[in-house]
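Nothing here was measured: the structure is a model prediction, and the numbers come from that model. Every chain is numbered from 1 and lettered A, B, ... according to where its sequence line falls, protein lines coming before strand lines.
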Protein chains: 2
Amino acid sequence: MFEVFEKYLRQWVEISDEEMKLIRAASFERKIRKWQSILHEGEVWKIACFITTGCFRLYRFSADGTDHTLRFGVENWWISDQESYNLEKPSEYNIEALAASTIIVWTKEKWEELRETIPALKLFNERLLARGYETSQQRIYSLISNSAEEKYLEFQKTYPKVFNSVPLHMVASYLGISRETLSRIRKDFTRRD
Amino acid sequence: MFEVFEKYLRQWVEISDEEMKLIRAASFERKIRKWQSILHEGEVWKIACFITTGCFRLYRFSADGTDHTLRFGVENWWISDQESYNLEKPSEYNIEALAASTIIVWTKEKWEELRETIPALKLFNERLLARGYETSQQRIYSLISNSAEEKYLEFQKTYPKVFNSVPLHMVASYLGISRETLSRIRKDFTRRD
DNA sequence: AAATGACGTTGACATTTGTCACGCTTTTTG
DNA sequence: CAAAAAGCGTGACAAATGTCAACGTCATTT
C-alpha cells in the first residue's frame with residue numbers, strides 16, 4: 001500500500017528515492033476494522049496517519065450527548081487531531097473507522113525527525129496545513145451563509161467521494177442540521193428530477 | 001508603535017535584537033481611517049499586516065448581496081487573506097477598518113525574505129498558522145453544534161475584546177444569525193439579570 | 001438462517017430563526 | 001451645527017428547521 005502514499009506525496013513535493021526510503025522505513029501499516037476507534041476522547045494523538053483505503057470520521061460529543069462530525073477522511077487523506085498533537089493535550093474528539101480501512105502510520109517522534117531531516121517533507125507539511133486552513137475558512141463561510149439545502153448541495157458537489165462513502169446522518173451532523181431535515185431535502189430533489 | 005509588535009512577537013519566540021532590527025527595518029506603518037478598505041474583492045493580498053490599534057473585519061458578499069463576516073481583527077492580531085496570499089489569486093473577500101486604525105506592514109517579498117533569514121520568524125509563522133487552524137476547528141464545532149444563543153454567549157466569553165469593539169449586526173453576521181435574532185437574545189438576558 | 005442494530009424516511013407538531021416594516025437614538029460627516 | 005447615515009430594538013408574521021414517534025429495509029453478526 002505504500003506505493004499509494006508515494007504517488008500522493010510526489011504530487012505535492014519533490015522527494016528523492018533515498019528520502020522516500022527513509023520515510024517508508026519509519027512507517028508501518030495497520031488494518032482497522034469497521035467501527036474501531038483510533039482516538040478516544042481524553043487520549044493524546046501521537047501519530048501521523050495517512051488513509052490508504054477506507055473511511056474515518058473525527059467527531060465530538062456535546063453536553064447533551066449528541067455527536068457532531070468535525071471532519072471525514074477517505075482514501076489519500078490524512079486524519080488527525082492537530083490540536084492534541086501540537087499541544088500534546090488530551091483530545092476532546094474521537095476518531096472512528098466507518099468501514100474496514102488500512103492506514104500508514106508514523107509515530108510523532110519519527111515523523112518530527114523526518115521533518116527535520118527532509119526539507120521537502122517539512123515543506124509538504126506546511127503546504128498541507130495551509131490548505132487545511134483555507135478549507136476550514138471555506139467551510140466556515142458555508143456554515144454562516146448557506147441554508148441547509150445549499151450546504152447539502154455544496155458538500156455533495158465539493159466532496160463527492162466523501163459524500164458517497166459515509167452514512168447520511170453523519171453528513172447531517174457534519175453540516176449542522178438534523179438527519180430528518182437532510183432526508184427531506186433529498187426528497188425534494190428526487191421529486192424535481 | 002513598533003514596540004507593541006516587538007513585545008507581541010517575543011511572547012511567541014526568541015528573537016535577538018539584531019534580528020528584530022531587520023524585521024523593523026523591513027516594515028512600515030500605516031494609518032487607516034474608519035471604513036477604509038485595505039483589501040477589495042478581486043485584488044491579490046500581498047502583504048503581512050499586524051494591527052497595533054483599531055479594528056478590522058474580513059467579510060464576503062454572497063450571491064444575494066448580503067455580507068458575511070469571516071473574521072475580526074483587533075489590537076495585536078494579524079489580518080489577512082491567507083488563501084489569496086499563498087496562491088496569489090484574486091481574493092473573494094474584503095477587509096475594512098471598523099475604526100480608525102494603525103497597522104504595521106511588510107510586503108510579501110520582504111516578509112518571505114525575513115522568514116528565510118530568521119529561523120525564529122519562520123517558527124513563529126508556523127505556530128501562528130497552527131493556532132489559526134485550531135481556532136477554525138473550534139469555530140466550526142460551535143457553528144454545527146450550538147444554538148444561536150449558545151454561539152452568542154461563547155463568542156462573548158471567548159473574545160470579549162473583539163465583542164466590545166464591533167457593531168452587533170456584524171457579530172450576528174459572524175455567528176451566522178440575523179441581527180434581529182441577536183437583538184432578541186440580548187433582550188432575554190437583560191431580563192434575566 | 002435468525003436476530004440485531006444501523007439506516008433512512010415520513011407525518012405531525014413545536015420551536016427556532018428569519019423577514020419586513022417601523023421608529024428611536026447615537027454617531028458620523030459635510 | 002445640521003443633515004445623513006449607522007446602529008439597535010421590536011412587533012407581527014412567515015419560513016426554516018428541529019423533535020418525537022413510528023415504520024420498513026438492509027446489512028452485519030452470531
Side-chain angles (χ1 to χ4, degrees), chain A residues 32-37 54-55 57 59 62-69 72 96-101 142-153 155-156 163-192, chain B residues 32-37 54-55 57 59 62-69 72 96-101 142-153 155-156 162-193:
Chain A
I32 310 292
R33 60 177 191 282
K34 189 168 182 176
W35 300 127
Q36 190 178 343
S37 285
C55 186
R57 74 163 178 149
Y59 68 100
S62 57
D64 65 2
T66 57
D67 67 280
H68 304 274
T69 303
F72 294 108
E96 71 180 3
L98 304 182
S101 308
S142 176
L143 286 170
I144 63 176
S145 68
N146 287 341
S147 67
E149 184 174 313
E150 288 165 332
K151 284 185 244 180
Y152 166 80
L153 289 173
F155 178 66
Q156 190 179 22
F163 182 82
N164 293 315
S165 311
V166 305
L168 276 183
H169 72 271
M170 290 184 186
V171 173
S173 111
Y174 176 89
L175 298 177
I177 63 182
S178 70
R179 64 187 221 288
E180 290 94 339
T181 296
L182 187 62
S183 187
R184 287 179 185 117
I185 288 170
R186 282 160 56 80
K187 188 171 68 169
D188 286 357
F189 272 93
T190 52
R191 270 187 191 163
R192 287 186 216 169
Chain B
I32 311 291
R33 60 176 192 283
K34 189 167 181 175
W35 299 128
Q36 189 178 342
S37 284
C55 186
R57 74 162 178 150
Y59 67 101
S62 58
D64 65 2
T66 56
D67 67 280
H68 304 275
T69 303
F72 295 108
E96 71 180 2
L98 303 182
S101 308
S142 175
L143 286 169
I144 63 176
S145 69
N146 288 341
S147 67
E149 183 174 312
E150 289 165 331
K151 284 185 243 180
Y152 167 79
L153 289 174
F155 177 66
Q156 189 179 24
V162 178
F163 182 81
N164 293 314
S165 311
V166 305
L168 278 182
H169 72 271
M170 291 182 186
V171 173
S173 112
Y174 176 89
L175 298 177
I177 64 182
S178 71
R179 65 191 185 78
E180 291 93 339
T181 296
L182 188 61
S183 188
R184 287 178 186 117
I185 288 170
R186 283 161 57 80
K187 188 172 68 167
D188 286 356
F189 271 93
T190 51
R191 271 188 190 162
R192 289 186 215 168
D193 300 333

**Message:** Angle between the end axes of the helix from C:dA1-D:dT30 to C:dG30-D:dC1, five pairs per end, to the nearest 10 degrees?
**Reply:** 60°
**Under the ring-ring contact (aromatic ring centres under 6.0 Å, His included) test, residues paired with B:Phe72 that sit two or more places apart** = B:Tyr174
**4.5 Å side-chain heavy-atom contact, A:Met170 and A:Leu98** = yes
**Asked** Excluding sequence neighbours, so at least two apart, what forms salt bridge (Lys or Arg N to Asp or Glu O under 4.0 Å) with B:Glu96?
**Response** B:Arg57
**Prompt:** Expressed in angstrom and rounded to an integer, what is the separation of B:Asp64 atom CG from D:dA15 atom P?
**Reply:** 17 Å
**Prompt:** In whole angstroms, how far is the P atom of D:dA16 from the NZ atom of A:Lys187?
**Reply:** 15 Å
**Item:** Euclidean distance, atom CG of residue A:Leu168 to atom P of D:dA27 [Å, nearest integer]
**Value:** 14 Å
**Message:** With heavy-atom distances below 4.5 Å as the criterion, would you say the side chains of B:Val166 and B:Cys55 are in contact?
**Reply:** yes
**Asked** OP1, OP2 of D:dT17 versus side-chain N and O of A:Lys151: anything below 4.0 Å?
**Response** no
**side-chain hydrogen bond (donor to acceptor under 3.5 Å, both in side chains) against B:Thr181, all qualifying residues, sequence neighbours excluded** = B:Ser178
**Asked** In whole Å, what is the span from the CD atom of A:Gln36 to the P atom of D:dT28?
**Response** 17 Å
**Partners passing side-chain contact (heavy atoms from CB on, under 4.5 Å) against B:Thr66 (at least two apart in sequence or in another chain)** = B:Ser62, B:Asp64, B:His68
**Prompt:** Whole Å only: how far is the CD atom of A:Glu150 from the C1' atom of D:dA16?
**Reply:** 12 Å
**Message:** Strictly below 4.0 Å: does A:His169 bring a side-chain N or O up to OP1 or OP2 of C:dA6?
**Reply:** no
**Prompt:** Just by modelled atom types, is the A:Thr69 backbone N or O under 3.5 Å from a matching donor or acceptor in the A:Ser173 side chain?
**Reply:** yes
**Item:** Protein proximity profile, nucleotides 13-30 of chain C - base contact B, sugar-phosphate-only contact S, no contact -, cut-off 4.0 Å on heavy atoms
**Value:** ----SSBBB------SS-
**Message:** Could you check whether any side-chain heavy atom of B:Leu175 comes within less than 4.5 Å of a side-chain heavy atom of A:Ile144, counting everything from C-beta outward?
**Reply:** no
